[in-house]
Each structure stands twice: as C-alpha cells, then as structure tokens.
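Step one of this worksheet: look at the structure below.
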Amino acid sequence: MSNPFDDIPFDDAHRPAPAPKPAGGGSGIAARAMGARSAPAYLEGLNPEQRRAVETTEGPVLVLAGAGTGKTRVLTTRIAHILAQGLAWPSQVLAVTFTNKAAREMKERIGLLVGGAVEGMPWLGTFHSIGVKMLRRHAELVGLKSDFTILDTDDQIRLLKQLIQAEGLDDKRWPARQFAHMIDGWKNKGWGPADIPEGDARAFANGKGRELFTAYQNRLKTLNACDFGDLLCHPIRLLKANPDVLADYQHKFRYILVDEYQDTNTAQYLWLRLLAQRRVSPHRQPVEERGETASPPLRQAQDEGLHRSPASPLMGEAGEASEAKLIRVGETGGDTPPPLTPPPHGVGGGPNGAPPNICCVGDDDQSIYGWRGADVDNILRFEKDFPGASVVKLERNYRSTAHILGAASHLIGHNEGRLGKTLFTEAPDPDDPKVNVHAAWDSEEEARAVGETIERHQRDGHLLNDMAILVRASFQMREFEDRFVTLGLNYRVIGGPRFYERMEVRDAMAYFRVVCQPADDLAFERIVNTPKRGLGDASVRLVHDYARKKGVPMLAAAEELVATEEMKPKPRAALRDLVQSFRRWQELLDNTPHAELAETILEESGYTAMWQADRSAEAPGRLENLKELIRSMEEFESMRAFLEHVSLVMDAEQNEDMDAVSIMTLHAAKGLEFDTVFLPGWEEGLFPHQRALDEGGRSGLEEERRLAYVGLTRAKRHCHIWFVSNRRIHGLWQSTIPSRFLDELPTDHVDVAEPPSSYGGYGGYGASRFDRAEAFASTRESPGWRRAQANRTEATSRNWGSRSGVAVERIGYGEADSGFGAGRGSVKGRVIEGELIAKSVSKTASDFSVGDRVFHLKFGNGNVTAIEGNKLTIAFDRAGEKKVLDGFVERV
DNA sequence: CGGCAAAGCCTTTTT
DNA sequence: GGCTTTGCCG
C-alpha cells in the first residue's frame, strides 16, 4: 500500500478522531450555525426548490434540474452546506462528475463559497479520475502495480490489432477498432470476459470474441496497464471481492453527489450503488477524518457570505474550532455521532441498510450519451433504487427567453417516457426575439450567412465570446472555419483536434512513458524507430518475440538481446544505444527536474533533430508543440504526475483572453450557455443523424431530439437555426430535406425568415420546407406558379435543384451582397408543402447522357463524362471534374 | 529498410 | 474529400 501515489493514507479509521465539542458550546461558529434562526448567507438567493435540494442532506435525493435552472449552483451550495454544517469533512464527500470541465468548474465554485477547503476535497472528480485513485491504492488486489499505465483508445487499438493478428485472423475482416468498441460496450456494462453473452462472444472473429477479450485482459495485466473501461470495472471488482475495503469506503463517504446522473452507464451505476450501500457495523466506531491538507471544513461562510476573502482572519487553521463543526445538527453532544436516519429500506434493501446520503442531479431530457453506454433508465429508476427518495424538480429557468424555452419545451414534448418537467421563466419580455429559422442553398452559403449574422451582432455591440456555433458532427466545422479565416473572424474550436492527440506530442509522450514505466511495450514500440534508427519491422519483431518468450518487457528483452549474437551488427548497435539511453534517462528521473529531463530526452534521442531537419510546412508547428508540451509539464510535480494528467485530461486549456466565436459539437456544448447560438445543419440524415436512426431506432431519434433540446437551451437570447438544401457528404453533393425537428417547433415562438401566408393545413409550425423553385420563379409573383407549386408533383420537383435557393436564403438578409439582387423582403418564396423531397431524388436511371452540356449552380457549366444511376461525373469548365446528383444540374 | 504511390478507410458524439 | 495504411520498388 505504500507507493508513490499513495500520498493519502487510506485507512482513515486509524487516524485520531477529532474531539467534537458539545453543540452550543461557546461562541463557536458551528454552534451559531446550528442554532441559527436565519439562513446562512450562502443559502440566500436560492429559490425554494433549490433550497430544498441543498438542505435535504439526509437520505437519497434526486434533483431533476432542467436546463438553466441552476443545477451547478445547487450542487456546489449543497457541498458547501454539508461542510458548513459540519456534517462531514471535505474528504468524506464523494462528488463525481462526468467531464473534467465540470469537475474543474465545481472546484472553482466551491472554492468561491468556502475558500481553501476545496483542496481538502480529494474525492471530487470524474468517474475515471476517482476510479484511478482507488485503483492506485489497491492495485495489487486486481493484479496490477500501482504505477500502472492508462492506455488511450489509440494504444488500445494497436494492442488489439496485434492480438487479432496473433490469433491468425485477418485484421481487415475483423477490425481492431470495431472490437475495441465492443469491448468498451461490455465494460460499460461492467462485464469481464466471463460475463459477456454467448451471442456477443460469437459475433466477432469467428466466435473467438471471448477468447480475444481474455487475451486482451491478460495482455493488459502483463503490460501493467488499464484501458478507460477498466478504470471503472476494476474498482467494481475490487470492491466486490474485498468487503473490508468496500466497508471502509462506504463508511468513509458520508455524502455522495453525482452530477449528470442521466449520463451514467451501468458500470458507473453499479459502482455508485456499491458505495452507497450503508451498513451499520457495530464493532466499528464511526470515525471523523481530517482533510488531507488539514483544511478545516467550511466555517463561517454563512457569516461572511459568498465572497469571503482568502485573507480572512478566520480561516486557515485547522484548530479546535473547526472540529467543533463536526457535531451534527440535532446532536445533543457527546462522543457518539447520532445514527443516520433509520430507514425502511436502504439501497439493496437489506434490513441493516440505512438509506444512503446520495444526491443525484440530472435531467432526463439532456441524456445524450446513450451511444456510449449511458442508460437513461438509471435516472428514471432512481426512486425504485432508493426507496423513500426525495425528488426535487427545478423548473425555473434563469437563462433563456420565453421564446427559446417555448420552442425547446414544445420540441422535447415529442419524446415519450420523460419524467416530465416544464421550464418556465419569470418575466417574458415582449421585445425578445423569436427563434429564427433560416434556409440556405448549401453548406457554404450557410457558413457565409452565419458569418454575416455574427458580424452584424458584433456591430450591434455583442462580444464574439457570447456567440457559439453548435454542430451535430465535427465535419461541419470545417466550413465555418474556412469562412471565418477568410473573414478574419476570430473563432475557437472546442473539443476539436486535441493537443495531446497530435503525432509529435504522442511520440514524445511515448518516450516519457518508457522512461517512467519500463513495462510499457506499446510506448516502446511506438518510438523504437522514431526517428529512424534502422530498426525496422524485422528487428522489432525479434525483440517482441523474445520478450514474449521470456515474459519480460520489450525494453528488458532488447537489453538482453543486444548482448547476444542474434542480431545483425547494425541494428544491434542502434538498439544497444537506445537501450543505454533509456537506462541513463531512468537514472536521471529521480534527481533531475522533470521538464529539463524531458528536454534532454527529446534532444538525445534525436527526436527534436528529426523535426528540425524536416523541411515540411508543419515541422515548425510541431517543434512549437513540443516546447509547449515541456512548458506545460513544469506545472506538475513529477513526470509521472504529468503522464497521469495527460491520460485522463485530454484537453489543453483554451486561450480565454481572445474574443472569439466558439465552434463545437452539440455534445460538447452541454452545460454551457451563450447569448447567441447558431444551430446549423438541421437536415434529415445529419440531424437527426442517420446512424442514430439506423442503430437506435425510436430511442435513437429521441436521443437526437434531446440533443436538439440541449442545443436550443444553450441560448440565452438569440437562437438561429439553419438548414441547407445541399450538403457534400463523402465528397458527393447530396440534396437534403429539412429536419423533422423543424416541424416540431411551435409557430408561436419561431420566426421563419419571412412569415408565410399560409401554413400547410395542419396545426403547429406545419411543414418546414422552403420551396426554392417557387422562390426563383416568384420574383414575378405568378399566382399560377404558386398554385402549381402548392400542388407540386414529381414532375415539378425537378426544379428543386435550380439556382433559386440562393434567393430564398437571402430572406431577411438583404444587406448581404449575394449578387442575386434579392433585397430584404423582396422574395416571397415560401410555400408549405407536406411531401418530402426525398421522393423527388430519382432512383431511376438519369435522363442525361454522356456529352451533355449542363449547368450547376455551384460549379457552373460543364460536360457530362460519365453516368452511374443518377450520379453524374461532370467535367466542369472551371471547377474540374466532380460527381454530382443529376437533380442539381440542368441542361443548357 | 525506407520512400513513395496507390488504395482503402471513414467521417456522431468522448472519459 | 482527406487521411492512414498498404504494397511495391529502389
């Protein structure tokens, strides 16, 4: 149990318990707090529901927090309250979040409430980081060493590929990536190789699924490594197999808080349930525990309000005063802590069980991670899992206008099986803009129009920082980036290509990993021949096989191997040099500043030189990244600590100083808010995403709808939705139809560019379609056209691909110079129409022939050079050869 | 063994 | 359409 990571002694039970003072004794703040008639300052400003969520500290609590209802505030205040009331030491509170971002934010906000006590909250973090923490302490109980490596997806796939090949299987037919997904899925359910259903086991690799999974787990063990899933599965196994350890943790965590409970998967649920079980253990005196940093629990926050200065004279010492805080509300004094509320049934319902003090906060309407194993049922089932649970609904929204809430609520109302919340806002303002829906011809137009809108907002005095573009899929980002680069508009991509995923960074990390974790064969293999040392496949295989035969890590194998005559002189010398270097660096590890050592390693290995010699355009940037890597390493205590950070926190901080538009996926946007939000790409197939529909069916669609709900509710005041008629997918232009979600928006709260004169027969927003052919023709406003369009048939729909779309797109944006001369309001282009465009895209053979002269809106004139169904290959005069659907061109 | 060209891959979301 | 991997050749 003594290892470098075990800086925090686990067995709190053997620490001296603080001696609680009797309640009401002296002028202690605790005493005042307990006897206080008036609420502590940090409770002020909470609405009644929020307050109930904060103050119901005992027993299970489910907080259903709609978007923008102050969820984080409730969570952080609740923790502050628990600490302030002396109900627990900071280290006795387990608070789990889903993302690092959320954990960071909570730490910051608790910090604001309670000053320094956050450092005493070692158990506030993501599921994964807390899993790691547990594992480091008890690694040997699951057959690992406490300095185990955490593999990322990339390592995982490389490893699986090796195993698949080792089984003599074709790694093309059985892609490692796919298998990695399957393993993830199993681990999300908490399954090991023995637990997976027969069907699953057979589905992969000619029935060798289970075998491979077992081999993979064994290999991980010898590598002393974990994948992401193991960070949850191992702790579960560990706690189940070691009741004493489990009991320690159960006892330790007096209060459990879970953020985004709707996103928990089965493994996370099992883990929580284990920890939340309460047993009364008579032989064991409950023990108070001090925070590791000796920070006292929150004191006097209620006296000084939320903005206590760190220099406050009352904080800083962990003296007796703070210990007095440990007396619980209602306690009459003495040494024995009061029993927890006696329960009818605890979790797991055992007669000895006490109801756990677990508080889960979530929103079933924002469950958007089903695809990676999250189980909405966890939140829907809460009251059954934890009988007697208090349920608090937070429905008062502090973020968005009534229009945005109205639109979002109406949309999400199309989902079934909700717990049912309705967001409302206090004071609707008649001046609030409605949600805007816009049409564009293609994604380029969309990007241009969004750019123009952003610039207009900017001219109106809005900060770019208050605007965000939320896309469904990351490939949509590029178009915006391109456009913003030409406009010179600052933007920032959130969750885009990540710093730690860059090749050079990963290479450098591999060097560091081998130095710190000599058994890390994956890292070793990655860099044996980078830079080139003349150690190709043949040499690597030799080392690999030798290592497997002897059962030692590859580095050790290499060391032995160079002492033999087995290798040819040249590679042998190269390998010997490399091994010697690693040994030297390992010696330096403990007595050299780690950032300095890192630099040395990159220098001496020739890695830096490799990029210096590289004349390509990206080489300077890569060198810059390496410098940045070393710079960021300085902030950490050791190289090991740095490695751990990187494997768990894959994001690098963004430059917050710059005023810039944010571009991110809808998933990445959860939990954020912006004054103005742009939601492009509302088209069938993209949003809702085809794959979600194919694989998830009805529930897949509902999850997409929740994603739309998340998107809408990010907006505080302005919300612009866009859809386009043409989008390039896999390099091929495809026509698209407006998203069904547009049809699910309520007319009352939505402006569709220009209000149409007629809605399509049925109530609500009606059909969402913009009729481009009409718009084009109607520059002359022919009533005949209009009628014809209203009765559109297969025949007329061929016009759909004509140039008219651009004019429609200009509705409401007259100042844009499109060259099409459609000024504001000059186009009356909208006809509602129920029939879906999909039918109009011909599946029959094209009626074009090779050699035809055609016109395409985007590419101009060209000649048809080949035909394949309704796909045409066209040599355009200016744009070169492209493949397009025949609906998008017309004969000239 | 290394470099280059061609072919195949995939593009939903992520700790 | 862009990126990675593969395969062939020097």
Side-chain angles (χ1 to χ4, degrees), chain A residues 96-103 125-132 150-154 156-158 161 171-172 175-178 180-181 184 187-188 226-232 259-260 263-265 267-268 367-374 443 470-479 482 494-498 500-501 503 529-541 568 570-571 574 646-651 664-670 681 685-696 700 703-704 706-707 710-711 727-734 880-883:
Chain A
V96 272
T97 65
F98 236 82
T99 63
N100 294 298
K101 204 166 62 185
T126 62
F127 279 99
H128 291 84
S129 65
I130 289 172
V132 172
I150 301 161
L151 300 188
D152 63 16
T153 320
D154 213 68
Q156 192 187 4
I157 288 170
R158 280 193 299 142
K161 193 167 178 178
D171 64 313
K172 288 238 170 93
R177 178 174 299 276
Q178 192 191 329
H181 284 313
D184 270 354
K187 291 189 175 175
N188 283 339
C226 278
D227 63 17
F228 274 117
D230 287 338
L231 299 182
L232 287 166
D259 191 18
E260 307 280 18
D263 286 336
T264 50
N265 61 35
Q268 287 157 338
S367 161
I368 55 175
Y369 284 106
W371 53 273
R372 67 171 198 206
S443 45
L470 311 183
V471 297
R472 175 63 182 83
S474 49
F475 76 85
Q476 292 173 263
M477 292 181 182
R478 177 177 302 167
E479 210 107 36
D482 288 351
I494 313 262
R498 300 167 190 211
Y500 293 118
E501 279 170 10
M503 186 214 308
N529 202 29
T530 312
K532 301 272 183 277
R533 301 187 172 89
L535 296 167
D537 276 355
S539 308
V540 176
R541 178 146 312 132
K568 292 190 185 131
K570 240 203 268 176
V646 172
S647 54
L648 286 176
V649 186
M650 290 296 283
D651 55 336
M664 69 189 91
T665 63
L666 286 160
H667 285 86
K670 195 167 74 158
L686 177 59
F687 193 32
H689 198 280
Q690 194 55 49
R691 212 162 133 182
L693 299 178
D694 292 346
E695 289 171 12
E703 181 153 316
E704 294 289 294
R706 293 193 288 265
L707 207 44
V710 167
R727 197 172 284 281
R728 198 169 41 191
I729 296 169
H730 307 315
L732 187 72
W733 284 96
Q734 304 210 295
E881 193 171 89
K882 306 271 179 197
K883 279 190 180 175

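In this text the structure is predicted, and so the values were computed from the model without any measurement.
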R691(A) side chain near dT12(B) phosphate (N/O to OP1/OP2, under 4.0 Å):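 Checking R691(A) against dT12(B): at least one side-chain N or O falls below 4.0 Å of OP1 or OP2.
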Check the phosphate of dT14(B) against T665(A), side-chain N and O only, distance under 4.0 Å to OP1 or OP2. Yes or no?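 Yes, within the criterion.
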Base, sugar-phosphate, or nothing for [X], non-hydrogen atoms under 4.0 angstrom?
X	result
F127(A)	nothing
S539(A)	sugar-phosphate
N529(A)	sugar-phosphate
H689(A)	sugar-phosphate

By a 5.5 angstrom centroid cut-off and a 30 degree plane limit, is there stacking between Y369(A) and dT13(B)?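 No, Y369(A) does not stack on the base of dT13(B).
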Atom pair distance, as rounded to whole Å: [atom1] in [X] and [atom2] in [N]:
X	N	atom1	atom2	answer
I368(A)	dT12(B)	CD1	C1'	11 Å
R472(A)	dT12(B)	CZ	C1'	5 Å
I494(A)	dT14(B)	CD1	P	12 Å
R372(A)	dT13(B)	CZ	P	12 Å
D263(A)	dT14(B)	CG	C1'	11 Å
K101(A)	dT13(B)	NZ	P	15 Å
D227(A)	dT15(B)	CG	P	15 Å
M477(A)	dT12(B)	CE	P	14 Å

Evaluate the side-chain proximity of [Y] to [X]: yes if any heavy-atom separation is below 4.5 Å, no if none is.
X	Y	result
K187(A)	D230(A)	yes
I368(A)	L666(A)	no
F127(A)	D263(A)	no

Where does DNA chain B pair, written as one dot-bracket string 5' to 3', with Watson-Crick or G-U pairs under 3.5 Å, ( ) inside the strand, [ ] for crossing pairs and | for another strand? ||||||||||.....
In terms of side-chain heavy atoms of R728(A), which of dG1(C), dT15(B), dT12(B) is nearest?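 Selected nucleotide (nearest to the side chain): dG1(C).
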Atom pairs, N/O to N/O, protein against nucleotides 2-10 of chain C, distance under 3.5 Å?
unit_1	atom_1	unit_2	atom_2	d
dT6(C)	OP1	K161(A)	NZ	3.3

Select from R533(A) and L707(A) the residue whose nearest nucleotide in DNA chain B is closer to the 5' end of that strand.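 Upstream on the strand: R533(A).
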Taking atom P in both dT13(B) and dT4(C), compute the distance separating them and give it to the nearest angstrom.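 Approximately 16 Å lies between the P atom of dT13(B) and that of dT4(C).
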With sequence neighbours excluded, residues passing side-chain hydrogen bond (donor to acceptor under 3.5 Å, both in side chains) with D482(A):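 With sequence neighbours excluded, D482(A) shows a side-chain hydrogen bond (donor to acceptor under 3.5 Å, both in side chains) to no residue whatsoever.
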Classify the side chain of W371(A) versus the base of dT13(B) as yes if they form a donor-acceptor pair under 3.5 Å and no if they do not.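 A donor-acceptor contact between them is present.
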Please identify each residue that fulfils salt bridge (Lys or Arg N to Asp or Glu O under 4.0 Å) with [X], with sequence neighbours left out.
X	answer
R158(A)	D155(A)
R691(A)	E695(A)
R533(A)	none

Describe, in one word, how the ring planes of Y369(A) and F98(A) are oriented to each other, choosing from parallel (under 30°), tilted (30 to 60°) and perpendicular (over 60°).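 Because their plane-to-plane angle is under 30°, the rings of Y369(A) and F98(A) count as parallel.
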Distance in Å, Q178(A) CD paired with H181(A) NE2, rounded so as to fall on 0.5 Å steps: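 These two atoms lie 8.5 Å from each other.
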To the nearest 0.5 Å, tell me how far H667(A) NE2 sits from R472(A) CZ.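 Interatomic distance, H667(A) NE2 to R472(A) CZ, rounded to 0.5 Å: 5.5 Å.
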